[in-house]
Amino acid sequence: MSSNSLDQGYDPQRIEDSWYEFWEKEHLFAAGTEDGCNNYSIVIPPPNVTGVLHMGHALNITLQDILCRYKRLQGENVLWVPGTDHAGIATQNVVEKKLAAEGRDRHDLGRDKFVEEVWEWREEYGSAIINQLKKIGASCDWSRERFTMDEGLSKAVKKVFVQLYEEGLIYRGDYIINWCPRCHTALADLEVEYEELEGNLYHIKYPFEGSSDGLIVATTRPETMLGDTAVAVNPDDERYTDLKFEEIILPLMNRKIPIIRDAYVETEFGTGALKVTPAHDPNDFEIGTRHKLPNIKVIGDDGKMTAAAGRFEGLDRFECRKAVLKALEEEGLLIKIESNPHNVGHCYRCKTVVEPNLSKQWFVSVKPLAKKAIEAVESGKTKIIPEIWTANYYDWMYNIRDWCISRQIWWGHRIPAWTCEDCGEVIVTMEDPDKCPACSSEKLARETDVLDTWFSSALWPFSTMGWPENTDLLKQYYPTSVLITGFDILFFWVARMMMMGIHFMDEVPFDDVYIHALVRDEEGKKMSKSKGNVIDPLKVIDEYGTDAFRYTLTAFAAQGRDIKMSEQRVEGYRHFVNKLWNVARFAMMHFGDSKEFSFSKENLELSDRWILSRLNHVAATVKDALDTYRFNDAASALYKFVWHELCDWYVEISKPTLYGKKGEERQKATMGVLWQVLRDTLVLLHPIIPFVTEELWHKLPDTEGSIMKASIFHDGIDLSENGRDMAAENDMKLVTDIISGIRNIRGEMNIAPSMVLNVIIQAEDEMVRDTAKIHEDIIMEIGRLESFTIEAPGDQPTASATAIVEGVSVFVSLEGIIDFAEEIKRLEKELGKIAGEIMPLAKKLNNDGFLGKAPADVVEKVKEKHQTMIEKQEILGATIERIKSLEKS
RNA sequence: GGGCGGGUAGCUCAGUUGGGAGAGCAUCGGCCUUACAAGCCGAGGGUCACAGGUUCAAGCCCUGUUCCGCCUACCA
């Protein structure tokens, strides 16, 4: 990689892996420890160990990487902590599937052996996702990689659990929870996904004792009736105020159950009578608690009916539904079946229909924690960006319910609680106890449940930095600067980190939370395996290169809108990367063996001053955009600068100079400018496209080491207005306007580019004429002219095509080849356009309200604009008249 | 049921205190001009969803309507 010439096209495959190795070898991702610098830190949203890289990760990682690389270029200490999440249920499912394929079962193995198997699985496959993050270019400090089941993080989990228990914020009790009969575990409310399913509403008659009359109740889940312990009506329901029965017969079970009155019951629904099954419905459970009803659990944890279901024992819950309906029908108690589509909860991991079920679980009482987490956002200690998400955050936090944290699986952090088998004492402690503190019995049974995976992820921002030890890392880098994540885990994760961070660190876990878009498919649908519309990021990288892919994600990462991904778009940005490659190639050809690049301001041409001014402008734009998480603005500003300013104008204008046509001194100066602009542009682009910029940095003469160590961002570019050269920008505009006018005529009149032209311009303003004169060489070269004449307005040249640009009439002589009719048509079209532009301006100027109330500078601008348009119109009109008269003669 | 976001060129989308409607892709015409045909030059194309309102001035602010998407909720 030492040659100073570049291949004709950019080939990402050839260089990406080796640059990544280079960065790692040089420890360029290692967290800085310099004194006196800003400290910037991010913790990665840990992907599941079971995971494979998807578009969401790709976007998430790219944005974090951009910020980290950007901050490093600004000379800050940067810590980006990587790691993975043990993903309890998901991982257990994967390993169980693997066992099943081998004809084995976790119950055959037993708990310890099974957990060993999972660790082995993790050793073997857990690094896959990490390697994929590296493919994206993630500049994490890999020496600090963490796993939620690591020893240190496990200690943090224990400590948090014990403390919360001692503070009374963790409790255990019998409550209705969401039960997944397939995963065989409780789920938190958040872990249930609702989906509208076709279903029926069954109307069932519960008879009064010794009567053929009764109450008709309606239910979507008839099998739960076996566990009914009451029928409820609204106390204000007039139909039932005089009811003479206190009890009713539960059909099929022939059990007498009370008729109770509870305001929860809606009088309008059905017959106004509600069957109450406290063990299998959250609302019924609350009613049951209020009325001290017994709980009868008829559906077991395996989804089969229990002994309490009488003759239905052992049936699967859905089989039982059929059997119950058949039995009711036979007894003439099934009154009506109505179609009733309704929401049914599914396990977010395995999509099985969840069953509300009564069981003993551990809960976190989150209200007090949520309160502080709300305050932190209200006070602005933590800022959520885009701000629109704060409303969502508040809404959830205000309505938060206790968090069920116990899971009946084997893979995860085992709850540090023991029960004394002799006296029933519950012991919660960091160190495994050997005897009961109450009765000294040694018969202690350890809690078999593990904790919700999100319990450990909630500690991630500080547990990864070594908490509960008070490490240097924590002191330097906590709280983190920003958390970057998708809105889908705002509640699961962000909110919980906020609560835990504030409670245990006494400080918010992050200054900013940046919520990014979801990546969808071309049609805006969520990508999912079952839909088959998943685009594999690794395949995209393979085909187009990581840089092109990253640029695409960045350019489309506008705040508040989802990203629709298609390969065609990536292709467009591959062209951009290639364009960059080629402009570097062009520059390198001219640099040859030169080793030094310097220029003095006196030797600069207009285009040199202009491009330096534009460079400063784009640098300021990029800084401003990245500082405010407007990634797409940074990407598009750089795109425009590189392609449409640097390549389209500066390089083209500089060619004669670079080829030595204007003397050695000028040539050296322009080379110096080109070198500096290229160098600085690479640095500005590096956060977005790290690979190609590193490659080009090394090819570029007079650069040292890695581009990651470049300092131009903090001491090389003047980002203030002083960095601009407005005189150069204005003059350049005149030059490019004139050239565009000429090109327009070429295009419209189908004049071959090879044909050189004779052009006369007329301008009223002497300064304009002078400026044009000074830069006539540029105009002649780029406009491909044979002659260029500058005049004050006077007689218009005959047989020419005309273009009117700001304050200048451009006449392209077309002696002998002009088609007058065509030219008149063209000019009239132009005249029509101008008339369209004048109209709204004139309207404003005729409006006293506007003149009186609009700010003076706005009025002035409109007046000026109007004036130039009128002038343009007059010249065009005169030109048309003249050609018409020529045509006649 | 409640809440939020969106509707701008054929397509995908920008448009930051209200003050001249933009980009990329696609389309059409012309070019192998010594970095790049993954390129260069030029052109066409929009009642900014609809209806009102505020204002001298509205894509942008307010009200209503409509369509799409998402989140959330205990009507059995």
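In what follows, every heavy atom counts, from backbone to side chain, and hydrogens, waters and symmetry copies are set aside. Keep in mind it's a predicted model, so treat the numbers as computed, not measured. Lettering follows sequence order; numbering is per chain, from 1.
- For the pair A/I176/A/D281, no side-chain contact is recorded, criterion being any heavy-atom separation below 4.5 Å from C-beta on.
- Taking atom OH of A/Y393 as the reference point, atom C1' of B/rC4 lies 18 Å away to the nearest angstrom.
- The distance from atom CG of A/N632 to atom C1' of B/rG15 is 11 Å, rounded to the nearest whole Å.
- Atom-to-atom, CG of A/L190 to C1' of B/rU72 comes out at 11 Å; the value is rounded to the nearest Å.
- For the P atoms, the distance from B/rG24 to B/rA9 is 16 Å, rounded to whole Å.
- A/Y202 and A/N200 share a side-chain donor-acceptor pair at under 3.5 Å.
- When the C1' atom is used for both B/rC25 and B/rU16, the distance is 26 Å, rounded to whole Å.
- B/rG5: Watson-Crick or G-U partner is B/rC68, with both key distances under 3.5 Å.
- Where A/L646 and A/H342 meet RNA chain B, the nucleotide closest to each residue was compared, and A/L646 sits on the side nearer the 5' end.
- Base-pair partner of B/rG20: not found among the strands shown (Watson-Crick or G-U wobble, both distances under 3.5 Å).
- For B/rC40, the OP1/OP2 oxygens have a side-chain nitrogen or oxygen of A/K579 closer than 4.0 Å.
- The distance between atom CG of A/L658 and atom P of B/rU34, rounded to the nearest whole Å, is 16 Å.
- Residue A/A218 places its side chain closer to B/rA76 than to any other of B/rG29, B/rU16, B/rA76.
- A centroid separation of 6.0 Å or more is found between the aromatic rings of A/W389 and A/Y393.
- Taking 4.0 angstrom as the limit, A/K655 places a side-chain polar atom (N or O) nearer than this to OP1 or OP2 of B/rA35.
- Between B/rU16 and A/Y629, no contact under 4.0 Å exists linking OP1 or OP2 to a side-chain N or O.
- Spacing between atom CZ of A/R574 and atom P of B/rC36 amounts to 17 Å, rounded to whole angstrom units.
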Quiz item: What string of B, S and - do you get for nucleotides 18-28 of chain B 5' to 3' if you count protein non-hydrogen atoms under 4.0 Å?
Solution: -BB---SS---
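- Counting non-hydrogen atoms under 4.0 angstrom, A/K833 reaches the backbone sugars and phosphates but no base.
- At whole-Å resolution of the value, CZ in A/F269 and P in B/rC74 are 15 Å apart.
- B/rU63: Watson-Crick or G-U partner is B/rA51, with both key distances under 3.5 Å.
- Side-chain polar atoms of A/D402 and A/Y175 form no donor-acceptor pair below 3.5 angstrom.
- In this structure, B/rC40 forms a base pair with B/rG30, meeting either the Watson-Crick or the G-U wobble geometry with both donor-acceptor distances under 3.5 Å.
- Under a 3.5 Å cut-off, the side chain of A/H203 and the backbone N or O of A/I216 do not form any donor-acceptor pair.
- Judged by distance alone with a 3.5 Å cut-off, no donor-acceptor contact links the side chain of A/Y264 to the base of B/rC75.
- A 3.5 Å limit on both hydrogen-bonding distances identifies B/rG10 as the Watson-Crick or G-U partner of B/rC25.
- Looking only at atom types and distance, the side chain of A/E191 has a donor-acceptor partner in the side chain of A/Y348 under 3.5 Å away.
- Counting non-hydrogen atoms under 4.0 angstrom, A/V276 reaches nothing in the nucleic acid.
- For the pair A/Y551 OH and B/rC13 C1', the computed distance is 16 Å after rounding to whole Å.
- Checking B/rG42, B/rA76, B/rC41 against every side-chain atom of A/D648, the shortest atom distance belongs to B/rC41.
- Along RNA chain B, the nucleotide closest to A/N340 and the one closest to A/N582 are compared, and the more 5′ of them pairs with A/N582.
- When the C1' atom is compared between B/rA26 and B/rG10, the two are found 7 Å apart, to the nearest whole Å.
- The same atom, C1', is picked in B/rA14 and in B/rC60; the two are 14 Å apart, to the nearest Å.
- Under the 4.5 Å side-chain criterion, counting only non-hydrogen atoms from C-beta, A/L827 is in contact with A/T802.
- The residue A/E266 sits close to a base: some heavy atom pair falls under 4.0 Å.
- The A/F487 side chain lies nearest to B/rC70 when the options are B/rU16, B/rC70, B/rG30.
- Aromatic ring centres of A/Y544 and A/Y573: separated by at least 6.0 Å.
- Using C1' as the reference atom, B/rG45 and B/rG6 are 24 Å apart when rounded to the nearest Å.
- Residues A/L215 and A/Y240 have side chains in contact (heavy-atom distance under 4.5 Å, counting atoms from C-beta outward).
- Nucleic acid contact for A/N578: base, since at least one base atom lies under 4.0 Å from a heavy atom of the residue.
- The P atoms of B/rC50 and B/rC67 are separated by 15 Å, rounded to the nearest whole Å.
- Of all nucleotides listed (B/rA35, B/rA43, B/rU12), B/rA35 comes nearest to the side chain of A/R585.
- The separation of B/rG3 from B/rU8, taken at their P atoms, amounts to 25 Å, rounded to a whole angstrom.
- A salt bridge is defined here as a Lys NZ or Arg NE, NH1 or NH2 lying under 4.0 Å from an Asp or Glu carboxylate O, and A/K829 with A/E748 meets this definition.
- Residue A/N343 is in base contact, counting any heavy-atom pair closer than 4.0 Å across all strands shown.
- As rounded to the nearest Å, B/rG69 and B/rC74 have P atoms that lie 24 Å from one another.
- Using a 4.0 Å heavy-atom cutoff across all strands shown, A/E652 reaches at least one base atom of the nucleic acid.
- Rounded to a whole Å, the CG atom of A/L827 is 14 Å from the P atom of B/rA43.
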